[in-house]
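Read through the structure below, which is laid out as structure tokens, and then see the notes.
First the proteins, then the strands, lettered A, B, ... as listed; each starts at 1.
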Amino acid sequence: MALWSSESWTRISKVRGESPLIQCITNLVSMDLMANVLLSAGASPAMIHSVTEIPDFTPVVQGLCVNVGTLSDEWLPSMKAAAKIAREMGKPWVLDPVAAGASGFRLRACLELVEMRPTVIRGNGSEVMALAKATVGSCKGADSCVESTDALEAAKALAKSSGAVVAVSGAVDVVTDGERVVCAKNGVPMLQRITATGCSVTALITAFVAIDPQNPLEATASALAVFGVAAEMGMEMAKGPASLRMQLIDSLYNLDESTLRNRLNISSLPCL
Amino acid sequence: MALWSSESWTRISKVRGESPLIQCITNLVSMDLMANVLLSAGASPAMIHSVTEIPDFTPVVQGLCVNVGTLSDEWLPSMKAAAKIAREMGKPWVLDPVAAGASGFRLRACLELVEMRPTVIRGNGSEVMALAKATVGSCKGADSCVESTDALEAAKALAKSSGAVVAVSGAVDVVTDGERVVCAKNGVPMLQRITATGCSVTALITAFVAIDPQNPLEATASALAVFGVAAEMGMEMAKGPASLRMQLIDSLYNLDESTLRNRLNISSLPCL
Amino acid sequence: MALWSSESWTRISKVRGESPLIQCITNLVSMDLMANVLLSAGASPAMIHSVTEIPDFTPVVQGLCVNVGTLSDEWLPSMKAAAKIAREMGKPWVLDPVAAGASGFRLRACLELVEMRPTVIRGNGSEVMALAKATVGSCKGADSCVESTDALEAAKALAKSSGAVVAVSGAVDVVTDGERVVCAKNGVPMLQRITATGCSVTALITAFVAIDPQNPLEATASALAVFGVAAEMGMEMAKGPASLRMQLIDSLYNLDESTLRNRLNISSLPCL
């Protein structure tokens with residue numbers, strides 16, 4: 001644990017110091033919160049999605065976050081074009097397969113993006129299972145009906161087949177590269193009552209992997225834990241979902257080393 | 001009043017317990033607040049607008065909210081496709097005809113959507129009058145120049161011609177099915193200084209009608225009053241529009257039965 | 001200074017009293033904050049971007065704000081169509097050339113918009129230099145690598161060639177019509193950790209120029225200073241970027257004459 005907290009502190013400090021430029025091609029609901037989470041963590045967000053300027057712009061970013069939340073036929077080519085450049089140039093890119101199993105169109109799009117070899121895939125249990133099994137039928141919109149820990153085997157299989165680190169969010173966040181498994185246990189249940197918190201942690205993962213591209217599994221676990229710690233700190237002052245949202249961002253901005261050390265809760269299996 | 005407060009409490013409790021999946025095809029300004037209002041009320045929002053996946057997705061939702069705020073030629077077919085499925089499958093769907101009289105394009109689009117038989121139409125006085133009279137010329141963008149109570153006859157006419165329950169927001173909210181008229185008097189004037197509060201209450205109406213589809217007039221009045229009560233509670237702690245926005249969402253999340261009973265103000269005509 | 005504070009108070013009072021209708025064709029990240037900033041200042045925002053309804057709608061607005069943040073081939077024609085109507089009808093319109101140097105596509109689009117004779121152009125140092133020199137290569141996304149004061153000569157050149165008032169945001173905001181130079185010094189550094197604050201101040205400039213179209217340089221400086229004063233007031237209560245965002249909007253809503261007089265800091269050259 002001491003190693004995890006020290007390394008996680010190093011990572012958030014690097015994000016603050018280097019301010020990596022993170023391109024986000026993300027859903028329309030999440031843009032405001034995602035940009036503010038990245039800014040409060042010290043990163044530099046750029047919501048640029050036009051397929052016309054991706055050839056100029058994606059080559060200069062440090063990381064790419066692709067989120068299919070409000071997917072459309074118009075935006076999918078941009079996602080693929082940016083992912084292609086990121087992959088070819090060896091830049092980290094992270095996929096958030098929102099509601100992957102909600103329709104055939106969405107599932108196919110997500111599977112095509114998975115084939116473009118994201119560095120990390122972060123979803124909830126239902127989304128990861130939909131991708132691992134390539135089947136439509138997540139029970140409900142963007143919410144999950146599967147505990148993250150129950151999706152562990154699906155996550156391992158997806159990691160092996162895709163070559164990506166796979167993170168499954170839930171009461172406990174599970175991160176795996178197909179062999180190793182790490183559990184990030186920080187966070188609060190009320191996050192589920194705030195839109196785009198999952199999307200935003202995916203963007204934070206992108207920033208962490210951008211400044212530590214050699215250790216995507218560890219960087220992913222650190223980002224999940226740092227976001228969870230900020231949520232716990234925020235929850236102590238919050239009175240509901242909207243004040244939690246505000247306090248979370250403020251806490252992420254103000255997070256210091258001793259608080260992180262005292263709160264960080266990352267471990268190996270078993271998660272619970 | 002005792003009946004209204006008891007039934008309204010039953011409805012918000014059902015939203016919390018059943019967490020209805022509400023598809024929102026809404027304007028780009030409103031997405032964040034609308035999703036957070038639905039989540040804080042206990043519903044499950046899904047901002048899915050691609051015409052490609054509507055045939056897969058709309059059949060599984062419990063309610064559909066269509067809002068034309070940032071209308072474009074690209075989004076209108078999605079709105080119609082989803083409304084068609086909702087109507088054919090007997091699912092409740094609610095129309096928010098933002099700035100209906102601002103242009104010929106917008107008015108025609110709204111009238112076409114009205115013909116697709118929404119369960120509820122919620123607008124301000126100017127919007128309802130534009131629809132009832134089928135004329136361009138609302139005085140100003142998304143704001144109204146007509147008191148809700150002055151639009152009552154237009155609302156009744158629109159309800160009769162469309163078969164929808166019509167709600168007119170204002171200092172007092174008026175709800176009618178063409179025959180009966182109910183007045184929902186909760187709320188605070190500062191809501192007009194926060195973007196997308198009208199859009200968000202339309203989404204909340206959708207959630208209430210989704211869990212009580214047999215009583216669209218009553219469910220609509222309950223949703224308007226619950227939102228207004230949350231605004232009143234928030235206003236006691238707010239110092240301006242942005243803190244009100246936060247407090248409103250927290251209050252909606254925390255609303256309990258006794259507070260609702262003490263504050264709820266729904267009545268029959270005369271409204272004032 | 002007494003003159004500046006008295007005139008600035010007159011301008012914000014006019015915005016509150018006349019509630020000018022401001023059309024915003026803006027990036028997807030900024031819509032929520034921009035609308036709320038305009039509402040809290042007393043203006044009436046309208047996010048209407050469909051090229052189909054611009055011929056009906058733009059003629060009735062008092063001002064137009066065009067922001068290219070999430071530019072695409074689909075939105076650019078709307079920006080041009082609205083700018084053309086504004087220019088032909090003598091309505092003020094303001095351009096925010098976000099990340100102008102980030103790609104050839106974006107630079108060309110911005111230069112074409114500049115040719116349509118905006119009343120005011122507001123950007124950061126890098127953006128203004130990219131426009132003045134017509135070269136790609138801003139160092140980083142939407143952030144600047146140039147101090148506003150170092151971009152002064154570029155701003156003057158751009159003002160002369162375009163006929164627009166040019167405002168360069170930074171630690172000190174610099175405003176010039178090519179001859180005169182005014183420095184607006186209010187504000188706080190933490191604004192850079194909140195997304196869309198630059199976009200929102202451009203919208204506020206639009207509202208100020210809309211109610212004082214004969215004095216675009218003075219109205220622009222007033223808007224920048226008023227926003228900066230609200231940020232300073234908010235900063236006294238804020239604990240991080242998210243609470244600052246909330247407090248800023250509340251402070252803008254509550255701003256009174258004596259506070260403005262005590263805090264306003266506008267001067268001629270030298271700025272520092």
From CA spacing to verdict: side-chain contact (heavy atoms from CB on, under 4.5 Å), A:Asn36, C:Ile194: CA-CA 6 Å; A:Asn36 280 318; C:Ile194 310 170; 3.9 Å; yes

Part of C:Gln192 within contact of chain A (heavy atom distance under 4.5 Å): backbone

Residue C:Met190 versus chain A: region with a heavy atom under 4.5 Å: side chain

Ionic contact status for C:Arg245 with A:Asp250, cut-off 4.0 Å: no

From CG (A:Leu33) to CG (C:Asp32), nearest 0.5 Å: 11.0 Å

For the backbone of C:Lys239 and the side chain of A:Asn254, can you confirm whether one donor and one acceptor N or O come within less than 3.5 Å of each other? yes

Which atom names give the shortest non-hydrogen contact between A:Ala43 and C:Arg193, and what distance separates them? O-NH1, 3.3 Å

Worked check of side-chain contact (heavy atoms from CB on, under 4.5 Å) between C:Thr70 and A:Ile48: CA-CA 6 Å; C:Thr70 52; A:Ile48 283 186; over 6 Å; no

Which one wins on heavy-atom pair count under 4.5 Å against chain C: A:Thr52, A:Ile249, A:Val61? A:Thr52

Distance in Å, C:Ser72 OG paired with A:Glu74 CD, rounded so as to fall on 0.5 Å steps: 10.0 Å

Measure the OG-CZ distance between A:Ser50 and C:Arg106 for me, rounded to the nearest 0.5 Å. 8.0 Å

Rounded to the nearest 0.5 Å, what separation is found between the CE atom of A:Met246 and the CE atom of C:Met246? 4.5 Å

Rounded to the nearest 0.5 Å, what separates atom CG in C:Leu28 from atom CE in A:Met47? 10.0 Å

Which atom of C:Gly240 lies closest to which atom of A:Tyr253, heavy atoms considered: CA-CD2, 4.4 Å

